[in-house]
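The structure appears below as structure tokens.
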Amino acid sequence: MEVTVGTAALALALLLLPVLYERSGSFRFFCKMGFYNGWILLLALVAIPLCALRGRDVENMKIIRGLMQHVKHLYGIRMVVRGAQHFPPRQPYVVVSNHQSSLDLLGMMEVLPDRCVPIAKRELLYMGAVGVACWLGGIIFIDRKRTHDAISVMAEAAHTMLSQDVRVWVFPEGTRNHSGSMLPFKRGAFHLAVQAQVPVVPIVISSYQHFYSKRERRFTAGQCVIQVLPPLPTRGLGPADVPALTERVRAAMLEAFEALSAELRPTAPPPAPQ
Ligand SMILES: CCCCCCCCCCCCCC(=O)SCCNC(=O)CCNC(=O)[C@H](O)C(C)(C)COP(=O)(O)OP(=O)(O)OC[C@H]1O[C@@H](n2cnc3c(N)ncnc32)[C@H](O)[C@@H]1OP(=O)(O)O
Ligand SMILES: CCCCCCCC/C=C\CCCCCCCC(=O)OC[C@@H](O)COP(=O)(O)O
């Protein structure tokens with residue numbers, strides 16, 4: 001008897017889920033984000049055995065990129081890449097991009113150059129299969145609570161970039177930023193570029209505000225532009241030039257971000273007839 005009541009309650013709950021999904025924006029938002037994380041976890045489980053054949057190797061980022069590229073279609077996000085010709089063809093460089101949300105992974109995987117690894121917070125390593133896949137992909141981990149250690153990891157990365165022909169992707173805001181603008185930039189990426197004497201390639205991912213907002217629990221289909229800006233050379237620059245370089249790059253990115261926001265902002269609906 002108890003089992004029957006339990007089964008009936010479960011069946012009713014399952015029947016109600018689609019109704020709830022249809023009616024409640026918040027519920028839809030949590031489902032979509034939950035599925036996003038769950039799907040990436042599943043993809044990581046697929047990636048691990050494929051990547052393990054090579055061991056920890058930046059070439060594995062091609063496998064991770066390939067596995068991730070369909071995810072935008074599941075969410076109806078149309079991605080347009082502009083300025084891809086700005087990527088220097090055959091040399092190491094440091095990519096810097098704005099960081100709005102974990103959805104940035106989709107934009108990153110859309111344009112991630114070959115032999116390019118992100119710098120990520122150490123906590124990602126502990127996310128089960130995702131952490132293992134990231135480790136196998138050669139992602140560089142830093143402990144944000146230990147500035148000195150983070151700086152020595154970056155100094156090591158400067159050597160690896162040159163000796164093993166590796167590119168590095170950094171989110172210079174240092175954390176996700178939902179504000180619809182850009183936080184001040186931390187200087188690690190720019191020290192890295194100057195130490196390795198390689199160019200900085202800024203990438204701007206347009207605002208998600210018109211289709212995604214964590215605060216408003218809104219997540220619909222939408223369009224996103226990923227704009228690659230012209231690279232800035234660092235040859236001949238030293239540590240003293242880093243603050244000015246950081247500000248120059250941030251100003252260029254902010255200008256592009258605002259131009260894209262204005263371009264993509266949905267136009268107001270025409271006034272209703274009187
Ligand atoms: C299929 C499965 C798929 C799985 C998904 C896979 C994809 C996963 C993708 C994951 C994506 C995940 C994405 C993520 O996880 S994003 C989060 C992690 N990323 C970052 O934090 C990167 C940006 N942060 C920085 O660059 C910071 O500066 C660091 C972390 C380095 C230090 O930060 P901290 O806050 O501790 O200190 P500070 O910035 O106040 O700096 C202190 C002083 O040191 C100077 N300084 C800094 N650096 C260097 C240097 N190298 N050489 C010499 N000096 C250096 C600096 O100028 C300053 O001096 P001054 O200027 O005040 O005099
Ligand atoms: C054994 C433990 C199992 C735990 C399982 C957890 C499963 C999680 C599954 C998938 C997570 C997919 C998203 C991973 C990539 C997110 C990258 C990201 O955006 O990191 C945030 C970081 O840039 C800034 O961090 P904060 O904004 O400072 O915070």
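Throughout, numbering of the chain's residues begins at 1 and tracks the sequence. Quick note: numbers below take in every heavy atom, side chains included, and nothing from hydrogens, waters or symmetry partners. We count ligands from 1, going down the list as the structure has it; atoms in each ligand are counted the same way.
Proximity annotation for atom 23 (O) of ligand 2: of His99, Arg176, Met108, Glu123, His99 comes nearest, heavy atoms only.
In the vicinity of Ile40, heavy-atom distances shorter than 4.0 Å reach the ligand 2 atoms 12 (C).
At least one heavy atom of Val170 sits under 4.0 Å from some atom of ligand 1. A heavy-atom separation below 4.0 Å is found between Arg144 and ligand 2. Taking 4.0 Å as the cut-off, Tyr36 does not count as a neighbour of ligand 2 on heavy-atom distance. Between Gln195 and ligand 1 there is a heavy-atom distance shorter than 4.0 Å. Remark: distances from the non-hydrogen atoms of Cys134 to ligand 1 include one below 4.0 Å.
The closest protein non-hydrogen atom to atom 29 (C) of ligand 1 is Ala150 CB, 4.5 Å. Scanning the protein heavy atoms around atom 28 (O) of ligand 2, the nearest turns out to be Thr175 OG1, 2.6 Å. With respect to atom 17 (C) of ligand 1, the closest heavy atom belonging to the protein is Gly174 O, 3.4 Å. The shortest contact between atom 17 (C) of ligand 2 and any protein heavy atom is with Leu124 CD1, 4.3 Å. Residue, atom and distance of the protein heavy atom nearest to atom 15 (C) of ligand 2 are Leu105 CD1, 3.6 Å. The shortest contact between atom 12 (C) of ligand 1 and any protein heavy atom is with Ala120 CB, 3.7 Å.
A salt bridge does not link Lys186 with Glu173: none of the charged nitrogens is closer than 4.0 Å to a carboxylate oxygen.
Side-chain contact between Leu103 and Tyr208 is present, with at least one heavy-atom pair separated by less than 4.5 Å. Side chains of Val204 and Glu258 form no contact here, defined as non-hydrogen atoms less than 4.5 Å apart. Side-chain contact between Ser101 and Asn177: absent, with no pair of heavy atoms (C-beta onward) separated by less than 4.5 Å. The shortest side-chain heavy-atom distance between Lys121 and Lys145 does not fall under the 4.5 Å cut-off. The side-chain heavy atoms of His86 and Pro231, taken from C-beta on, include a pair separated by under 4.5 Å.
At a 3.5 angstrom cut-off on N or O pairs, Gly188 counts as close to ligand 1. Taking any N or O of Thr175, backbone or side chain, none lies under 3.5 Å from an N or O belonging to ligand 1. Annotation: His99 places no N or O atom under 3.5 Å from an N or O atom of ligand 1; distance criterion only.
Contacts with ligand 2 closer than 4.0 Å are made by no heavy atom of Asp104, backbone or side chain. Contact annotation: for Asn37 versus ligand 2, heavy atoms closer than 4.0 Å belong to both the backbone and the side chain. Contacts between Leu67 and ligand 1, counted as non-hydrogen atom pairs separated by less than 4.0 Å, are absent for every part of the residue.
Ring pair Phe185/Phe190 is parallel by interplanar angle, where below 30° counts as parallel and above 60° as perpendicular.
Counted within 6.0 Å of CD on Glu123, heavy atoms from surrounding residues, nucleotides or ligands total more than 12; the atom is thus considered enclosed.
In summary, the side chains of Asp104 and His99 do present a donor paired with an acceptor at a separation below 3.5 Å, with no hydrogens or angles considered.
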